[in-house]
Every structure is written in structure tokens, then in C-alpha cells.
Amino acid sequence: MINNQPSTKLHSQLDHGKVSRQARIKGHEPVQINTSDALARGINADDLVKVYNLRGAMICGAVISDDIMPGVILVSTGAWFDPDPTGEVSCKHGNPNVLTP
């Protein structure tokens with residue numbers, strides 16, 4: 001997973017702003033996934049996907065693209081932390097900090 005600075009907000013500032021909200025997929029931070037990786041996993045554009053590792057999990061909206069290399073995903077930083085009270089995921093909004101040290 002790589003993380004870039006978002007084009008729709010300044011880090012987490014303006015995350016609740018109109019431009020940032022419009023860039024979300026079904027209310028979640030977008031995750032860019034390579035076309036072949038998405039095909040292998042049955043993921044379609046705009047699907048909500050669980051992105052996880054041993055540290056935590058988050059829900060993101062899928063953006064399918066050949067602009068990202070296979071085996072890599074891209075999630076912008078800055079989504080407000082939104083913990084899931086059920087414990088199913090660490091952040092239901094798509095904050096990549098839940099996956100990193």
C-alpha cells in the first residue's frame with residue numbers, strides 16, 4: 001500500500017468539505033487497484049472493499065486502473081478516523097493509518 005497526499009483536501013483538513021465528499025465512493029475513501037488484481041478478486045469499479053492486514057482494516061471504494069502496478073494499492077491520506085463499533089473493521093471511512101505503524 002502506498003499513500004499520497006489527497007488532491008481534495010489538505011491532509012485531514014477539509015475532509016468534511018464538499019469537494020472531499022464528492023470524491024468519495026459511497027461515503028468511503030477511494031482505493032486505486034490494478035485492473036488484473038481487481039479481476040482476480042472479483043472487484044468492480046465502485047465496489048466497497050475491505051482493505052486489511054494484521055494491524056487493522058478499513059472500508060474503501062474501488063477505483064480500477066492500469067495506472068497502479070499489480071500488487072500495489074493507493075489510498076490517499078487524510079480520511080477522518082471513523083471506528084466501527086462492531087469491531088468488524090478498524091475504520092469504516094478509509095483511514096490508512098489503521099494499517100500502518
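This structure is a prediction, so every number in the text was calculated from the model and none was measured.
- Atom CG of residue L54 and atom CG of residue L99 lie 10.5 Å apart, to the nearest 0.5 angstrom.
- Between M1 and T100, the closest side-chain pair of non-hydrogen atoms falls below 4.5 Å.
- To the nearest 0.5 angstrom, S36 atom OG is 10.0 Å from I64 atom CD1.
- For the pair G94 and P96, the tightest heavy-atom approach, listed with the atom from each and the gap, is O-CD, 3.2 Å.
- Minimum interatomic distance between S65 and Q32 (heavy atoms only, all atoms of both residues): CB-CG, 3.9 Å.
- Between the side chain of S76 and the main chain of Q5, no donor-acceptor pair closer than 3.5 Å is present.
- Going from atom SG of C60 over to atom CD of E29 covers 7.0 Å, rounded to the nearest 0.5 Å.
- Across every non-hydrogen atom of M69 and D37, the tightest pair is O-OD2, 4.4 Å.
- Under the side-chain contact (heavy atoms from CB on, under 4.5 Å) rule, I68 has a single partner from I2, I73, I33, which is I2.
- Residues N34 and D66 are in side-chain contact: their nearest non-hydrogen atoms beyond the backbone lie under 4.5 Å apart.
- Heavy-atom minimum distance, A79 versus N95: O-ND2, 2.7 Å.
- The environment of Y52 atom OH is sparse: at most 12 non-hydrogen atoms of other residues, nucleotides or ligands sit within 6.0 angstrom.
- Separating the CE atom in M58 from the NE2 atom in H93 is a distance of 11.0 Å, to the nearest 0.5 Å.
- Between atom CG of residue L48 and atom NZ of residue K92 there is a gap of 13.0 Å, rounded to the nearest 0.5 Å.
- Surrounding NZ of K26 are more than 12 heavy atoms belonging to other residues, nucleotides or ligands, all under 6.0 Å away.
- Nearest heavy-atom pair, V98 versus C91, reported as atom, atom and distance to 0.1 Å: CG1-CB, 3.8 Å.
- For E88, the CD atom sits in a loose shell: 12 or fewer heavy atoms of surrounding residues, nucleotides or ligands are nearer than 6.0 Å.
- Note that the OG1 atom of T8 and the CZ atom of R24 stand 8.0 Å from one another [nearest 0.5 Å].
- In this structure the side chain of N53 reaches within 4.5 angstrom of the side chain of R55, judged on heavy atoms.
- With respect to V31, the side-chain contact (heavy atoms from CB on, under 4.5 Å) criterion is satisfied by exactly one of I59, V75, I25: V75.
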